[in-house]
Amino acid sequence: MSDLEKPLRPKKARSWVDWAVQFRWIIVILVVLPCSFTFYSLDYLRSQWSASKSYKKRQKEHDANVAKVIKRLKERDPKKDGLVCTARKPWVAVGMRNVDYKRARHFEVDLSPFGQILDIDTKNMIARVEPLVNMGQISRATVPLGVSLAVVAELDDLTVGGLINGYGIEGSSHIYGLFSDTVVAYEIILADGRLVRATADNEHKELFYAIPWSQGTLGLLVAAEIKLIPVKEYMKVTYFPVRGSLRDLAQAYIDSFCPADGDQDSADKVPDFVEGMIYNRNEGVMMTGRYASREEAKQRGNKINEQGWWFKPWFYQHAQTALDKGEFVEYIPTREYYHRHTRCLYWEGKLILPFADQFWFRWLMGWAMPPKVSFLKATQGDAIRNYYHERHIIQDMLIPLHKVADALEFSDREFEVYPIWLCPHRLFRTPIKTMITPEQSFELYQRQGDTSYAQMYTDVGVYYTPEPVFRGEEYDGAAAVRKMEQWLIDNHGFQPQYAVTELNEHDFWRMFDATLYNACREKYRAVGTFMSVYYKCKKGRKTEQEVKQEEQKVHDNGYKDLERPLDA
């Protein structure tokens with residue numbers, strides 16, 4: 001993209017907020033890191049204590065906690081109490097959007113006890129877990145058994161409930177789809193206090209397909225059964241350096257995991273893991289991984305990278321070395337590979353602690369990394385939070401794979417943010433049309449990566465401060481996000497709901513399909529009990545009166561022209 005095509009921006013005068021952001025590392029080192037390390041230590045002990053309990057004891061505690069939630073829901077008086085939401089504090093959520101809906105009058109239900117792994121069934125290859133189980137916890141329990149979730153989101157802190165109700169992806173998603181695609185059953189407490197188990201083929205199948213992306217607005221998730229796969233001790237990772245235009249980089253990324261002959265289901269031709277990192281508009285590194293046994297990894301001449309040690313270079317910087325030394329192969333222990341981006345929060349850690357990637361800091365303080373996102377949010381205040389929304393980008397664009405080059409050029413023009421993370425995922429054609437669907441008739445074009453039953457999509461992850469901000473120029477992050485959202489709508493793309501959105505309600509439902517979601521809202525009596533997904537996601541503070549008016553509008557008028565797939 002030529003610099004002549006980029007918008008001209010005037011210089012911006014520095015304010016006290018700029019200085020507060022620049023020197024925020026002081027609070028991070030003195031407050032956030034100690035609190036984070038303490039929390040992680042206690043959380044580890046809690047998970048070990050939970051793991052030591054018998055299956056019967058964990059199930060008994062689960063049943064007791066479910067009974068408490070049902071009792072609490074039945075205590076609610078719809079005429080006096082607000083809409084139902086969890087008792088979790090707004091700053092605890094890992095996502096970047098403002099959860100200001102909790103500032104309105106609301107009725108809290110405490111789900112904090114739901115953090116146990118209930119069962120790991122290696123015979124039927126199913127893990128049954130509660131919604132607050134996080135990725136670090138589940139990988140510690142499964143990988144030593146030679147199994148793993150089919151999709152393990154990279155950051156330790158991400159929870160099962162958040163990945164199901166929102167969005168979850170990983171380097172294996174080009175095979176298994178998004179995190180929610182690996183779930184085989186949900187246990188949901190509905191608005192009327194009923195506990196139901198929803199699967200793809202039982203009487204609640206429409207609810208099963210409606211839960212993903214619903215943000216907990218159809219019912220309260222209290223357990224999920226998730227697919228397990230067999231794994232080996234190591235990941236054999238190959239790093240491919242690529243140079244050229246953004247379109248060249250995009251094609252090299254596609255070629256790294258999509259066979260030219262279209263045989264996308266071949267285990268021999270398709271790697272187990274894929275990701276790409278674009279470091280600037282002319283350079284990137286593509287990575288593929290295959291599970292490998294301990295015996296293979298330890299053969300003479302093979303390089304083993306114990307990436308999990310606190311003093312190791314950050315993974316994205318380690319991968320970048322391929323641009324200088326050329327293609328190389330190494331073996332990383334499987335669990336350490338899963339969480340390779342945790343310690344540095346991809347590359348956001350560089351902004352939070354500018355020197356945290358330096359050799360001396362990694363040796364002295366690397367063991368305390370990463371700062372917990374919820375503690376970062378709790379210590380930032382409204383002024384800094386608004387600064388990040390206006391002059392910082394944390395967005396993912398989920399787009400058809402054949403549009404990845406267009407997305408890279410759009411990002412370069414509007415965001416000027418690097419590195420960019422690329423991660424593919426399948427978007428399956430489902431028996432019931434869900435909130436996110438493949439392009440119409442995608443299978444007729446026989447594009448790279450597509451099959452008859454799923455279209456290949458990719459996540460273009462844009463996480464960093466734009467270059468204009470570093471240059472001291474004016475930058476309207478909200479306007480850039482609005483352009484991105486319209487671009488996604490025009491190109492059949494989707495915006496994960498953890499991110500800050502600028503969409504109005506009309507455009508929100510142009511991006512997502514409301515048919516099944518609204519039908520389930522009505523059938524399971526969520527209207528008037530749980531906030532709608534748009535109003536839970538929309539930017540800005542909500543008032544109880546606003547929420548009530550919108551809920552009543554949906555209740556009165558929302559279904560009169562709705563297709564009724566559930567009644568068929």
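This structure is a prediction, so every number in the text was calculated from the model and none was measured.
Between the side chains of Gln448 and Gln251, at least one donor N or O lies within less than 3.5 Å of an accepting N or O. Judged purely by distance below 3.5 Å, without hydrogens or angles, the side chains of Ser172 and Glu170 pair a donor atom with an acceptor atom. Of the N and O atoms on the side chains of Tyr253 and Thr458, at least one donor lies less than 3.5 Å from an acceptor on the other residue. There is no side-chain donor-acceptor pair under 3.5 Å between Thr321 and Asp324.
Remark: Gln440 CD is loosely packed, at most 12 non-hydrogen atoms of other residues, nucleotides or ligands lying under 6.0 Å away. Other residues, nucleotides and ligands contribute at most 12 non-hydrogen atoms within 6.0 Å of the OH atom of Tyr44.
Looking at heavy atoms from C-beta onward, Leu221 lies out of side-chain contact with Ile211 at the 4.5 angstrom threshold. Counting heavy atoms from C-beta outward, Gln380 and Tyr387 have side chains that stay 4.5 Å or more apart. Using a 4.5 Å cut-off on side-chain heavy atoms (C-beta onward), Ile399 and Val460 make contact. The side-chain heavy atoms of Glu348 and Ile394, taken from C-beta on, include a pair separated by under 4.5 Å. Counting only heavy atoms from C-beta outward, the side chains of Asp357 and Cys344 never approach each other to under 4.5 Å. In this structure, Val152 and His339 have side chains that are in contact, with non-hydrogen atoms separated by less than 4.5 Å. With a 4.5 Å cut-off on side-chain heavy atoms, Glu439 and Tyr457 count as touching. Phe355 places a side-chain heavy atom less than 4.5 Å from the side chain of Trp25.
Here the closest non-hydrogen pair linking Gly366 and Trp310 is C-CB, 3.4 Å. The minimum heavy-atom distance between Tyr418 and Asp412, with the atom names listed, is OH-OD1, 2.7 Å. Between Glu414 and Ala480, the shortest heavy-atom contact is O-CB, 4.1 Å. The minimum heavy-atom distance linking Thr437 with His492 is given by the pair O-NE2, 2.7 Å. The shortest heavy-atom contact between Met286 and Gly276 is SD-CA, 3.8 Å. Nearest heavy-atom pair, Ser532 versus Thr217, reported as atom, atom and distance to 0.1 Å: C-CG2, 4.0 Å.
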Item to check | side chain to side chain contact (heavy atoms under 4.5 Å, CB included) between Val481 and Gln495, intermediate numbers included | outcome: CA-CA 10 Å; Val481 169; Gln495 177 190 35; 4.2 Å; yes
Next on the checklist: Evaluate Met435 against Trp509 for side chain to side chain contact (heavy atoms under 4.5 Å, CB included), listing each step before the verdict.
Outcome noted: CA-CA 9 Å; Met435 281 180 67; Trp509 291 119; 4.0 Å; yes
Next on the checklist: What verdict does the side chain to side chain contact (heavy atoms under 4.5 Å, CB included) test give for Arg447 and Leu401, after you've listed the backbone C-alpha separation in whole Å, the side-chain angles of each residue and the deciding distance to 0.1 Å?
Outcome noted: CA-CA 9 Å; Arg447 299 186 182 100; Leu401 185 65; over 6 Å; no
Next on the checklist: Between Tyr475 and Glu416, does the side chain to side chain contact (heavy atoms under 4.5 Å, CB included) criterion hold? Intermediate values first, please.
Outcome noted: CA-CA 11 Å; Tyr475 185 82; Glu416 290 189 69; over 6 Å; no
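Atom CZ in Phe494 sits 6.0 Å away from atom CG in Leu427 (nearest 0.5 Å). In this structure, Asn305 CG and Met235 CE are separated by 13.0 Å, a value rounded to the nearest 0.5 Å. One finds the CD1 atom of Ile169 at 12.5 Å from the CG atom of Leu158 (value rounded to the nearest 0.5 Å). Rounded to the nearest 0.5 angstrom, Tyr498 OH and Gln215 CD are separated by 12.0 Å. In this structure, CD in Gln320 is found 13.0 Å from OH in Tyr239, a value given to the nearest 0.5 Å. To the nearest 0.5 Å, the span separating OH on Tyr534 from CE on Met511 amounts to 11.5 Å.
Of the possible polar contacts, none joining the Lys403 side chain to the Asn491 backbone as a donor-acceptor pair under 3.5 Å is found. Judged by distance alone, with hydrogens and angles left aside, the side-chain atoms of Asn282 form a donor-acceptor pair with the main-chain N or O of Gly244 at under 3.5 Å. Of the possible polar contacts, one joining the Arg521 side chain to the Phe530 backbone as a donor-acceptor pair under 3.5 Å is found. Formation of a donor-acceptor pair under 3.5 Å by the Asn165 side chain with backbone atoms of Gly216 is found in this model. No donor-acceptor pair closer than 3.5 Å links the side chain of Ser411 to the backbone N or O of Ala407. Proximity of a side-chain donor or acceptor of Tyr279 to a complementary backbone N or O of Leu323 within less than 3.5 Å is not detected. Using a distance-only test at 3.5 Å, with no hydrogens or angles considered, a donor-acceptor pair links the side chain of Asp181 to the main chain of Leu178. The backbone N or O of Leu376 sits less than 3.5 Å from a side-chain atom of Arg24, completing a donor-acceptor pair. Using modelled atom types, one side-chain atom of Asp450 and one backbone atom of Met456 make a donor-acceptor pair closer than 3.5 Å. The backbone N or O of Pro313 lies less than 3.5 Å from a partner atom in the side chain of Gln307, making a donor-acceptor pair.
Between Phe37 and Trp367, the distance from one ring center to the other falls under 6.0 angstrom. Taking the six-membered ring for Trp and the full ring otherwise, His174 and Tyr176 have centroids separated by 6.0 Å or more. Residues Phe273 and Tyr337 place their aromatic rings such that the two centres sit under 6.0 Å apart.
Residues meeting the ring-ring contact (aromatic ring centres under 6.0 Å, His included) test with Phe311, sequence neighbours left out: Trp309, Trp363. Tyr316 is linked by a ring-ring contact (aromatic ring centres under 6.0 Å, His included) to Trp347, counting only residues two or more places apart in sequence or in another chain. Judged as a side chain to side chain contact (heavy atoms under 4.5 Å, CB included), and not counting sequence neighbours, the contacts of Glu474 are Pro10, Lys12. Applying the ring-ring contact (aromatic ring centres under 6.0 Å, His included) criterion to Tyr346, with sequence neighbours excluded, gives His341, Trp421, Tyr463. Applying the side chain to side chain contact (heavy atoms under 4.5 Å, CB included) test to Ala252 and every residue at least two apart in sequence or in another chain returns Val242.
Ionic pairing of Lys312 and Glu336 is not present here: no N-O contact between side-chain nitrogen and carboxylate oxygen is shorter than 4.0 angstrom. Using a cut-off of 4.0 Å between Lys/Arg side-chain N and Asp/Glu carboxylate O, Asp406 and Arg247 are scored as salt-bridged.
Geometric assessment of Arg335 against the ring of Tyr338 yields a negative cation-pi assignment under the 6.0 Å and 45° thresholds.
Evaluation of the salt bridge (Lys or Arg N to Asp or Glu O under 4.0 Å) test over residues 364-373, restricted to residues two or more places apart or in two chains, returns Asp157-Lys372.
Test Phe179, Phe508, Phe512 against Trp213 for ring-ring contact (aromatic ring centres under 6.0 Å, His included) and you get one pass: Phe512.
Using a 30° and 60° split on the angle between ring planes, Phe410 and Phe415 fall in the perpendicular class, above 60°.
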